[in-house]
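Each residue takes its place number in the sequence, starting with 1.
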Amino acid sequence: MRLEVTRRAELAVQAMALLSPPDTRLKAPDLADALQSTRGFVPQVVGPLVKAGWVQSIPGPTGGYSLTPAASRISVLEVIEAVDGPTATGQCVAHDQPCGQGRPCALHEAWTKARTSLVATLSAVPAVPEAPAAEPTSTTSHTEQKEKHHEG
C-alpha cells in the first residue's frame, strides 16, 4: 500500500466536503477557487467521483457539480481509491515484486499491521461530513416563560 495520497485524491476529498451542504451546486470555476486549484484541474479531480456515481455534473448555465444521494454512504478510503486506484496492490514496499511470496521482507509484518490500521481508520471516516445538528427547540411557550419569570 502506498502511504502517500495524490493531490487529486486530497482535492477530491475536499470537494466532497464542499459539496456536502444540502442543495449545494458549484460551477467548476467556483469549485476550483474553493479548492485553490485551477478550473482545468477540476474535471481531473471530480471526474472519478462522477464516474463512481457520487457526484453529478449538470451542464448548462445553471448547472454545476452536486452530490448524489449515494455520496452519503461512502468513506474517505473509497474516494481515495476512486481517484488513485486500489491501496492494496500486493507489491512489497521494499522490493519490486509481490510481497510475502517465499520469504517475506523485513518490513512485511509491520507494514501489514500499519496498512490494516490505516485502512480501518480511513474506512471509518465518512467522505461527506454529517450536517450539524439543529439547535434544540424549546417546547415552553412564551406565556409559560412569562409565568415562570413572574413566579421566581
| request: Sort and list the pairs that fulfil side-chain hydrogen bond (donor to acceptor under 3.5 Å, both in side chains) and have at least one residue in residues 44-64, not counting sequence neighbours. | output: Q56-S66
N/O donor-acceptor pairs under 3.5 Å from side chains in residues 117-127, not counting sequence neighbours:
residue : atom : partner : partner atom : Å
T121    : OG1  : S117    : O            : 3.0
S123    : OG   : V119    : O            : 2.8

| field | salt bridge (charged side-chain N to carboxylate O under 4.0 Å, His left out) contacts in which one or both residues fall within residues 5-28, not counting sequence neighbours | value | R7-E10
| remark: Scanning both residues in full, the closest heavy-atom pair of L26 with T24 reads CG-CG2, 4.1 Å
| field | Nearest heavy-atom neighbours spanning P48 and P43 | value | CD-O, 4.3 Å
Would you mind reporting whether [Y] and [X] have side-chain heavy atoms less than 4.5 Å apart?
X   : Y   : result
L31 : V46 : yes
Q36 : L11 : no
V42 : Y65 : yes

| remark: For V13, the side-chain contact (heavy atoms from CB on, under 4.5 Å) test, sequence neighbours excluded, returns V76, V79, I80
| Residues forming a side-chain contact (heavy atoms from CB on, under 4.5 Å) with D33, sequence neighbours excluded | none
| Qualifying residues under salt bridge (Lys or Arg N to Asp or Glu O under 4.0 Å), relative to R39, sequence neighbours excluded | none
| Does the pair L35 and L18 meet the rule for a side chain to side chain contact (heavy atoms under 4.5 Å, CB included), with working shown? | CA-CA 9 Å; L35 294 172; L18 289 167; 3.6 Å; yes
Got a donor-acceptor contact below 3.5 angstrom from the [X] side chain to the [Y] backbone?
X   : Y    : result
E81 : E78  : no
D84 : T6   : yes
S20 : V128 : no

| request: Evaluate the criterion side chain to side chain contact (heavy atoms under 4.5 Å, CB included) for residue pair T68 and V55; output intermediate values, then yes/no. | output: CA-CA 5 Å; T68 67; V55 172; 5.8 Å; no
